[in-house]
Amino acid sequence: MDIFEHFRDVVTAAIANLVSRGTLPQGIDTARVAVEPPRDPGHGDVTTNAAMVLAKPAGAKPRELAEAMCVELNAQEDIVIAEVAGPGFINLTVDPSVWPKVVAAVLNDGDDYGRSTAGQGVSINVEYVSANPTGPLHVGHCRGAVFGDALANLLAFSGYDVVREYYFNDAGSQVDVLAKSAFLRYREALGEDVGEIPSGLYPGDYLIPVGQVLADSYGSSLLEMSEDEWLPLVRRESVDLMMAAIRADLKSLNIEHDVFFSESALHGPGGPVETALADLQARGLVYEGRLPPPKGQLPEDWEDREQTLFKATEFGDDVDRTVIKSDGAYTYFAADVAYFKSKYDRKFQEMVYVLGADHGGYVKRLQAVAEAISGGQAKAVVRLCQLVKLFRGGEPVRMSKRAGDFVTLRELINEVGPDVIRFIMLFRKNDAPLDFDFEKVTEQTRENPVFYVQYAHARICSVFRNAAEMGLIPDSEHVTLTNCDLNLLQDGGEIAIIKRIAEFSRVIHGAAAAHEPHRVAFYMYELASALHAQWNRGKELPQLRFIDEKETDVTAARLALCRAVRYVLANGLGILGVVPLKEMR
RNA sequence: GGCCCCGUAGCUCAGUUGGAUAGAGCACCAGAUUCCUAAUCUGGGGGUCGCAGGUUCGAAUCCUGCCGGGGUCACCA
């Protein structure tokens with residue numbers, strides 16, 4: 001139940017009445033009419049700009065039109081009073097009987113409260129992480145991983161058909177470097193002293209176990225082979241092991257992809273890359289040509305050469321993009337084209353790419369590919385995540401590119417835990433930079449929003465435990481309150497909580513539409529705040545405490561309200577991928 | 001130089017896709033616990049929304065131009 005949707009219907013009906021009465025013209029566009037919670041509680045419970053938006057096309061004065069609408073709205077039984085305010089706002093004060101209905105609706109929907117069909121089953125592919133399998137995940141991957149996952153949760157909760165996808169590059173020259181590095185570790189595992197790892201290879205310790213696995217499964221047989229022979233074997237083995245490690249790390253962060261898509265599956269004779277390029281070729285979107293030199297400072301090694309280009313400029317990109325290099329090899333971008341086509345062939349209508357801010361330059365070309373391949377039928381939506389800067393007690397954590405001198409995701413998880421990582425990463429707009437301080441995020445204070453929100457949930461669970469002990473409810477885990485009188489929820493603080501709860505659907509809807517999961521995190525914080533406030537009012541005014549053994553009817557109603565808040569907190573945290581704790585000591 | 005993102009209280013950040021008197025937290029000041037978890041709450045001061053124009057009933061939000069900060073530019077992956 002979304003009361004704002006409900007009152008939107010009411011407002012729409014009032015508009016229809018005015019149309020039939022001739023006050024408003026036929027076919028007037030109501031798209032810009034907003035029915036929303038007012039920022040200022042003094043402006044009633046629900047507010048609409050309808051009169052101001054419609055005044056111009058109707059040739060009426062906003063306030064006069066508002067007056068006419070108020071006459072219609074005041075006839076509605078859900079509305080205590082509709083009044084004109086300011087330049088032509090209509091503020092609705094809702095009948096008090098609406099609030100208990102909100103609580104009842106939450107209890108009725110339970111784990112599904114807030115879930116909607118707004119997405120209408122539109123098929124969305126969310127691609128995130130997609131780190132190359134040449135090493136373990138590090139903090140640089142973390143934000144995109146969490147963001148992508150929460151976005152996927154959010155979209156699924158909102159009625160979209162979501163697939164979570166990971167694209168891994170197992171075809172490029174970097175993977176050869178990985179294999180060569182692993183081969184060195186393999187020789188080391190067989191007892192050879194390989195000395196310092198040569199520059200150009202990956203020196204990280206994480207390849208030592210890979211070498212050991214190779215030694216265990218191949219013995220010394222690889223040493224007998226030429227590089228052409230062992231390279232493919234070692235490459236595949238190394239990629240498999242790296243991907244297994246990456247998946248394990250992601251699992252620890254509560255992230256599981258549906259599809260792991262291998263780049264090498266795109267290549268080969270008659271493969272998707274060839275098909276996709278032939279497709280573009282057939283439509284005259286590929287040509288042999290030369291690119292203009294880059295603007296500004298000319299790179300030292302720049303040379304003007306003929307290559308095969310995709311007409312990206314026809315679709316809004318700044319320059320045409322190379323698909324086949326002058327040496328005849330495909331570019332990485334060619335694989336991107338084929339990969340998009342794969343997604344399109346799999347019937348996705350929207351392809352979300354979660355990328356780091358350093359990939360901002362890819363946005364236009366990806367959108368160009370989407371436009372060209374799908375003919376405008378599918379769209380590429382790119383969400384960029386800004387950099388995360390690590391701190392420890394206010395001091396920046398230095399990370400150089402030298403061996404092993406970067407903080408891995410594993411280390412981060414082990415130190416602060418998945419819930420803290422996820423919530424902090426999501427408690428900021430994705431395109432704003434984020435400072436992540438190891439010490440601050442694990443502090444158990446109000447300053448730390450993770451604990452603040454989780455504590456609200458735990459507090460409710462604590463109330464239930466106490467209520468169960470007192471025999472007011474049979475079981476703290478299965479709070480079923482079918483026969484309580486929710487009209488007993490009369491206190492202003494209680495109503496404030498209910499109003500907050502009533503906004504949940506609206507928040508989810510807006511967050512999903514904007515692809516902004518952080519809105520859910522901020523909402524969680526606000527709801528937690530409303531709960532903590534009411535809790536503390538019970539300290540000054542004992543009659544407002546959730547549990548009052550002498551007033552069992554009121555207690556039952558308040559426990560029902562707590563149960564509703566708990567559902568909303570749990571459902572919201574579920575979207576964020578954070579565990580709602582039942583106890584914090 | 002071209003393109004993208006950011007600029008809001010002393011600090012860190014929100015701002016419901018254009019709404020009414022711009023909001024939280026931290027910090028600062030003053031308070032609250034014999035009582036369901038004080039990991040909490042209540043009150044107070046604090047603003048030229050980077051600057052200047054434009055669009056309109058109405059702009060932190062949309063458009064243009066500047067200023068300042070970051071990212072990016074390829075036959076790399």
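Here is how names work: the chains are called A, B, and so on, in the same order as the sequence lines, proteins then strands, and each is numbered from 1.
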Find the distance [X]:[atom1] to [N]:[atom2] and express it as a whole number of Å.
X: A:Glu263; N: B:C76; atom1: CD; atom2: C1'; result: 13 Å
X: A:Phe427; N: B:G25; atom1: CZ; atom2: P; result: 11 Å
X: A:Leu531; N: B:C36; atom1: CG; atom2: P; result: 16 Å
X: A:Leu387; N: B:U72; atom1: CG; atom2: C1'; result: 13 Å
X: A:Phe423; N: B:A14; atom1: CZ; atom2: C1'; result: 13 Å
X: A:Leu561; N: B:C36; atom1: CG; atom2: C1'; result: 14 Å
X: A:Ile324; N: B:C76; atom1: CD1; atom2: P; result: 13 Å
X: A:Ile90; N: B:G19; atom1: CD1; atom2: C1'; result: 14 Å

Decide yes or no, distance alone: a donor-acceptor N/O pair under 3.5 angstrom between the base of [N] and the side-chain of [X].
X: A:Asn91; N: B:A20; answer: yes
X: A:Arg39; N: B:U16; answer: yes
X: A:Tyr362; N: B:C5; answer: no
X: A:Asn536; N: B:U40; answer: yes
X: A:Thr331; N: B:A77; answer: no

Would you please indicate yes or no on a ring centroid separation below 6.0 angstrom for [Y] and [X]?
X: A:Tyr362; Y: A:Tyr353; value: no
X: A:Phe427; Y: A:Phe522; value: yes
X: A:Tyr525; Y: A:Tyr452; value: yes

Is A:Phe89 stacked on the base of B:A20 when the test is centres under 5.5 angstrom and planes under 30 degrees?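 Here A:Phe89 meets both the 5.5 Å and the 30° conditions.
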Taking the side chain of [X] as heavy atoms from C-beta outward, which of [options] is closest to it?
X: A:Val53; options: B:C13, B:C36, B:G19; answer: B:G19
X: A:Asp318; options: B:G19, B:C36, B:C3; answer: B:C3
X: A:Glu516; options: B:A74, B:A14, B:G15; answer: B:G15
X: A:Pro87; options: B:U17, B:C57, B:A32; answer: B:C57
X: A:Tyr452; options: B:U40, B:A20, B:C3; answer: B:U40
X: A:Ile547; options: B:G15, B:G58, B:C36; answer: B:C36
X: A:His532; options: B:C36, B:C41, B:U17; answer: B:C41
X: A:Gln174; options: B:C5, B:A14, B:A77; answer: B:A77
X: A:Lys325; options: B:U17, B:A38, B:C76; answer: B:C76
X: A:Ser173; options: B:U17, B:C5, B:A77; answer: B:A77

Does OP1 or OP2 of [N] have a side-chain N or O of [X] closer than 4.0 Å?
X: A:Tyr525; N: B:G23; answer: no
X: A:Arg506; N: B:U16; answer: no
X: A:Arg321; N: B:A74; answer: yes
X: A:Arg32; N: B:U17; answer: no
X: A:Lys56; N: B:U56; answer: no
X: A:His359; N: B:C76; answer: no
X: A:Lys364; N: B:C3; answer: no
X: A:Lys429; N: B:G15; answer: yes
X: A:Arg519; N: B:A14; answer: no

Between [M] and [N], how far apart are the [atom1] atoms? Round to whole Å, please.
N: B:U56; M: B:G15; atom1: P; value: 28 Å
N: B:U21; M: B:A38; atom1: C1'; value: 34 Å
N: B:G44; M: B:A22; atom1: P; value: 16 Å
N: B:C63; M: B:G45; atom1: P; value: 36 Å
N: B:G18; M: B:A59; atom1: C1'; value: 7 Å
N: B:G47; M: B:G31; atom1: P; value: 25 Å
N: B:G10; M: B:A32; atom1: P; value: 30 Å
N: B:C49; M: B:A74; atom1: P; value: 39 Å

Using modelled atom types only, decide if a donor and an acceptor are shared between the side chain of [X] and the backbone of [Y] within a distance under 3.5 Å.
X: A:Arg566; Y: A:Cys461; result: no
X: A:Arg235; Y: A:Leu178; result: no
X: A:Asp320; Y: A:Ala312; result: yes
X: A:Tyr523; Y: A:Arg500; result: yes

A correct dot-bracket answer for RNA chain B, with pairs being Watson-Crick or G-U at under 3.5 Å, [ ] for crossing pairs and | for inter-strand pairs, is (((((((..((((.....[...)))).(((((.......))))).....(((((..]....))))))))))))....
Before you tell me yes or no, could you show the steps for A:Phe157 and A:Val520 under side-chain contact (heavy atoms from CB on, under 4.5 Å), namely the whole-Å CA-CA distance, both residues' side-chain angles and the distance that decides it to 0.1 Å? CA-CA 12 Å; A:Phe157 198 70; A:Val520 179; over 6 Å; no
Touch class at under 4.0 angstrom, heavy-atom based, for [X] against every strand present:
X: A:Ser326; result: base
X: A:Gln454; result: nothing
X: A:Gly510; result: nothing

Specify the residue among A:Met470 and A:Glu306 whose closest nucleotide of RNA chain B lies further upstream toward the 5′ end.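 Closest to the 5' end, via its nearest nucleotide, is A:Met470.
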Closest-nucleotide 5' rank along RNA chain B - winner of A:Ala357 and A:Asn169: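 Its nucleotide being nearer the 5' end, the pick is A:Ala357.
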Where does the angle between the aromatic ring planes of A:Phe436 and A:Phe438 fall among parallel (under 30°), tilted (30 to 60°) and perpendicular (over 60°)?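 Taking A:Phe438 first and then A:Phe436, their aromatic rings stand perpendicular (interplane angle over 60°).
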Parallel, tilted or perpendicular: which describes the rings of A:Phe261 and A:Tyr339, with under 30° parallel and over 60° perpendicular?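 The rings of A:Phe261 and A:Tyr339 sit tilted, inter-plane angle from 30° to 60°.
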How many angstroms lie between atom CD of A:Glu263 and atom OH of A:Tyr167, to the nearest 0.5 angstrom?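 Interatomic distance, A:Glu263 CD to A:Tyr167 OH, rounded to 0.5 Å: 3.5 Å.
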Syn/anti label of B:U17 as read from its glycosidic torsion, with the cut at 90° from 0: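 Base orientation relative to the sugar is syn.
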Regarding A:Thr555 and A:Asp548, is there a side-chain donor-to-acceptor distance under 3.5 Å anywhere?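 Per modelled atom types, A:Thr555 and A:Asp548 side chains form no pair under 3.5 Å.
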